[in-house]
Amino acid sequence: MYRSENCGALRLADVNKEVTLAGWVQKSRDKGFMIWVDLRDRYGITQLIFDESRTNTDVMQLAKSLGREFVIQVKGTVIERESKNTNIPTGEIEVLVNELTILNEAQLPPFTIEDETDGGEDIRMKYRYLDIRRNPVKNSLLFRHKVAQEVRNYLSNLDFCEVETPYLIKSTPEGARDFVVPSRMNPGQFYALPQSPQTFKQLLMVGGMDKYFQIVKCFRDEDLRADRQPEFTQIDCEMAFIEQEDILNVFEGLTCHLLKKFHNLDIEKFPRMTFEEAMTTYGNDKPDIRFGMKFGELNAVAQHKDFAVFNSAELVVGIAVPGGATYTRKEIDALIEWVKRPQVGASGMVYVKCEANNQYKSSVDKFYDQNDLANWAAATNAQEGDLILVLSGPANKTRAQLSALRMELGNRLGLRKPNEFAPLWVVDFPLLEWDEDSARFHAMHHPFTSPKPEDMHLLDTDPGKVRANAYDLVLNGNEIGGGSIRIHDKEMQALMFKHLGFTQEQAQEQFGFLMNAFQFGAPPHGGLAFGLDRLTAILGGQETIRDFIAFPKNNSGRDVMIDAPATIDDAQLNELSIMLNVKA
Ligand code: ASP
């Protein structure tokens with residue numbers, strides 16, 4: 001037996017108990033005649049004491065050789081501490097050691113294994129197994145396990161069945177590039193790793209599984225954006241014989257359950273907002289509604305004066321920054337510079353200070369009188385003491401820029417409180433999205449999403465206006481997940497592929513299996529997927545997902561611990577019938 005208890009278990013009530021403990025040496029303090037060692041395992045820290053007058057000389061000697069992170073086993077007696085540590089649950093006792101075994105020595109770790117470590121991001125990624133010994137990372141992984149467990153229980157109790165779908169598949173087009181795997185047995189052919197189990201879960205519905213879920217890895221070879229991982233985990237679900245309302249109810253229920261379980265929050269009903277409303281009010285399809293600063297459109301009150309910049313713009317739109325009227329010129333200039341950075345891309349910004357007694361001071365006083373500016377204040381809901389910031393230009397771009405500014409100010413003003421939770425459903429997404437690069441429409445969600453029947457007539461005349469039965473769950477400015485009611489009719493699916501620019505042959509070649517299946521009695525169905533990594537991070541009160549993933553990749557998509565990706569040798573390449581035309 002390696003241990004009789006773990007290092008987080010012992011309390012005052014255990015005094016006089018003979019125990020065996022095992023773990024890592026967190027630190028040791030050698031006072032010559034007495035040595036204290038903090039022994040750590042996953043469950044906590046127990047203080048060990050070696051005392052010249054009570055511990056035999058050999059053990060005392062061995063204790064002096066202990067270094068940080070040595071793996072040891074001790075036997076001893078639980079005693080009451082003389083000076084208690086009220087910061088830790090085991091702080092009232094210590095173990096007086098009479099036997100010590102060094103199970104393994106350890107090199108000095110490259111950073112301190114403490115909550116506040118001296119190790120930078122890179123070194124901690126390289127030695128991730130040491131980082132996992134630290135509380136913040138360890139606790140995040142334990143928390144993730146609890147979230148996953150709750151999700152499994154909740155859905156299982158509702159008769160959802162977890163089914164595994166394959167990883168070696170044919171590409172599912174969901175907007176990203178596929179990771180591919182060469183097939184040795186089929187030279188020149190490749191599997192793709194799933195961007196999601198989308199088509200398989202639909203086939204499970206054709207197969208009569210009715211309610212499916214899976215906590216599953218998905219792979220997307222996207223250009224890396226901050227806090228994205230090329231492989232990530234989804235809570236993937238699908239249901240048959242349901243309408244959009246049924247799906248929203250089930251997953252609102254799941255989300256409420258998690259908020260109750262982990263934050264003791266009772267949220268009655270999630271608000272719903274159409275995509276269009278989200279875009280016009282927040283410039284964003286995943287609005288953070290924990291704070292206001294809603295968009296006020298100013299075209300009607302700012303155009304047709306002498307200010308050419310606004311007159312020629314498709315959209316003039318502003319937000320009111322609470323308390324911003326006191327900002328100095330320098331602070332405002334810094335904000336203007338912020339929106340002009342290439343990442344945001346605005347060409348300039350107009351401001352109005354709303355001062356006492358309805359007095360307005362703006363950067364465009366030459367063109368607008370007090371009355372005009374009062375109208376702006378009304379449109380942006382600006383109060384005395386606020387600062388109105390206004391951008392103009394092409395509608396979509398300008399909304400995105402103002403949204404970026406709104407979020408930045410929300411952060412700076414401390415309005416995005418990690419312990420406040422504001423979920424909402426964004427519904428009625430457009431079916432199609434115009435893509436400038438390829439100069440054609442793409443599916444906004446994916447090609448299996450069904451259009452709203454009442455919008456079908458627009459498909460030929462005004463495709464961009466067709467709305468889909470598609471929805472996203474948004475939490476605190478993050479997209480937690482999304483899904484849709486699917487097409488379950490072969491003709492309809494073929495029509496959709498046509499609108500997405502597939503020839504009949506291409507559609508047959510890529511999706512023949514799905515359209516064939518639809519001829520064998522496909523039930524009406526729909527579903528969604530939540531991102532587990534992000535959901536866990538947000539429930540854990542954090543914005544970055546990395547600590548909630550045991551072995552994450554860095555910003556360039558590399559695993560710096562195992563050093564992947566890596567080259568493979570010629571023999572392996574030959575076997576796969578692959579000839580490289582790059583030298584790595
Ligand atoms: N497969 C979709 C996704 O990964 C989710 C869904 O439509 O169910 O975003």
Side-chain angles (χ1 to χ4, degrees), residues 151 155 160 162-167 169-179 192-206 209-222 225 228-240 242-252 254-255 275 285-286 425-433 442-452 467-475 478-488 493 496 500 510-511 514 522-535 545:
V151 169
L155 293 175
F160 281 79
E162 185 160 20
V163 182
E164 287 174 76
T165 52
Y167 281 160
I169 67 166
K170 195 158 101 169
S171 137
T172 331
E174 298 211 28
R177 251 174 254 111
D178 290 317
F179 281 102
L193 299 177
Q195 294 183 32
S196 89
Q198 185 60 37
T199 49
F200 286 96
K201 65 175 173 175
Q202 292 192 240
L203 294 171
L204 284 171
M205 294 305 110
V206 181
M209 277 312 288
D210 197 73
K211 285 178 180 173
Y212 142 93
F213 85 103
Q214 184 182 190
I215 296 187
V216 61
K217 272 289 174 72
C218 300
F219 306 85
R220 295 184 190 172
D221 187 4
E222 285 176 297
R225 272 182 270 164
R228 285 272 180 121
Q229 290 282 320
E231 56 177 296
F232 58 97
T233 306
Q234 287 196 337
I235 306 164
D236 190 47
C237 305
E238 197 77 5
M239 300 166 81
I242 41 77
E243 290 169 342
Q244 170 166 320
E245 199 56 33
D246 302 305
I247 299 194
L248 300 194
N249 284 336
V250 170
F251 293 93
E252 186 163 318
L254 169 64
T255 312
F275 171 83
D285 61 2
K286 44 178 182 359
W425 290 104
V426 176
V427 297
D428 296 355
F429 274 80
L431 181 72
L432 304 166
E433 181 177 40
H442 283 244
M444 189 151 185
H445 187 48
H446 49 54
F448 318 109
T449 293
S450 74
K452 280 191 185 291
R467 292 165 306 161
N469 281 321
Y471 33 79
D472 274 358
L473 180 71
V474 174
L475 182 56
N478 296 278
E479 181 198 326
I480 290 300
S484 60
I485 298 297
R486 325 298 183 191
I487 297 166
H488 65 279
Q493 189 64 71
M496 188 52 65
L500 293 171
Q510 279 197 51
F511 302 109
L514 188 69
H525 61 284
L528 54 55
F530 280 0
L532 178 66
D533 310 293
R534 176 134 296 114
L535 176 63
I545 61 176

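What you see below is based on every heavy atom in this structure, not just the backbone, and it leaves out hydrogens, waters and symmetry mates. We count ligands from 1, going down the list as the structure has it; atoms in each ligand are counted the same way.
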Do [X] side-chain atoms and [Y] backbone N/O form a donor-acceptor pair below 3.5 Å?
X	Y	answer
Thr449	His445	no
Asp533	Thr233	yes
Arg534	Leu532	no

Mode of Gln195 contact toward ligand 1 - side chain, backbone, both, neither (heavy atoms, under 4.0 Å):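 It is neither part, as no heavy atom is under 4.0 Å.
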
query: With only distance considered, is Ser196 within less than 3.5 Å of ligand 1 through an N or O on each side?
result: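 Yes, there is a polar N/O contact under 3.5 Å.
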
Closer than 4.0 Å to some heavy atom of [X] - which atoms of ligand 1 meet that?
X	answer
Leu528	6 (C), 8 (O)
Arg220	3 (C), 4 (O)
Gly483	6 (C), 7 (O)
His446	2 (C), 6 (C), 7 (O)
Lys201	6 (C), 8 (O)
Ala529	5 (C), 8 (O)
Arg486	6 (C), 7 (O), 8 (O)

Suppose the criterion is salt bridge (Lys or Arg N to Asp or Glu O under 4.0 Å): which pairs have a residue in residues 195-204, not counting sequence neighbours?
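Qualifying pairs, neighbours excluded: Lys201-Asp236, Lys201-Glu238.
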
Got a salt bridge between Arg228 and Glu222, using NZ or NE/NH1/NH2 to carboxylate O under 4.0 Å?
-> yes

### Message
If the threshold is 4.0 Å, N to carboxylate O, is there a salt bridge linking Lys286 and Asp472?
### Response
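No.
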
Worksheet item: When the aromatic ring centroids of Phe219 and Phe232 are compared, is their separation below 6.0 Å?
Response: no

- Message: Nearest non-hydrogen contact with atom 5 (C) of ligand 1 belongs to which option: Ala176, Ser484, Cys218, Gly482?
- Response: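 Ranked by closest heavy atom to atom 5 (C) of ligand 1, first place is Gly482.
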
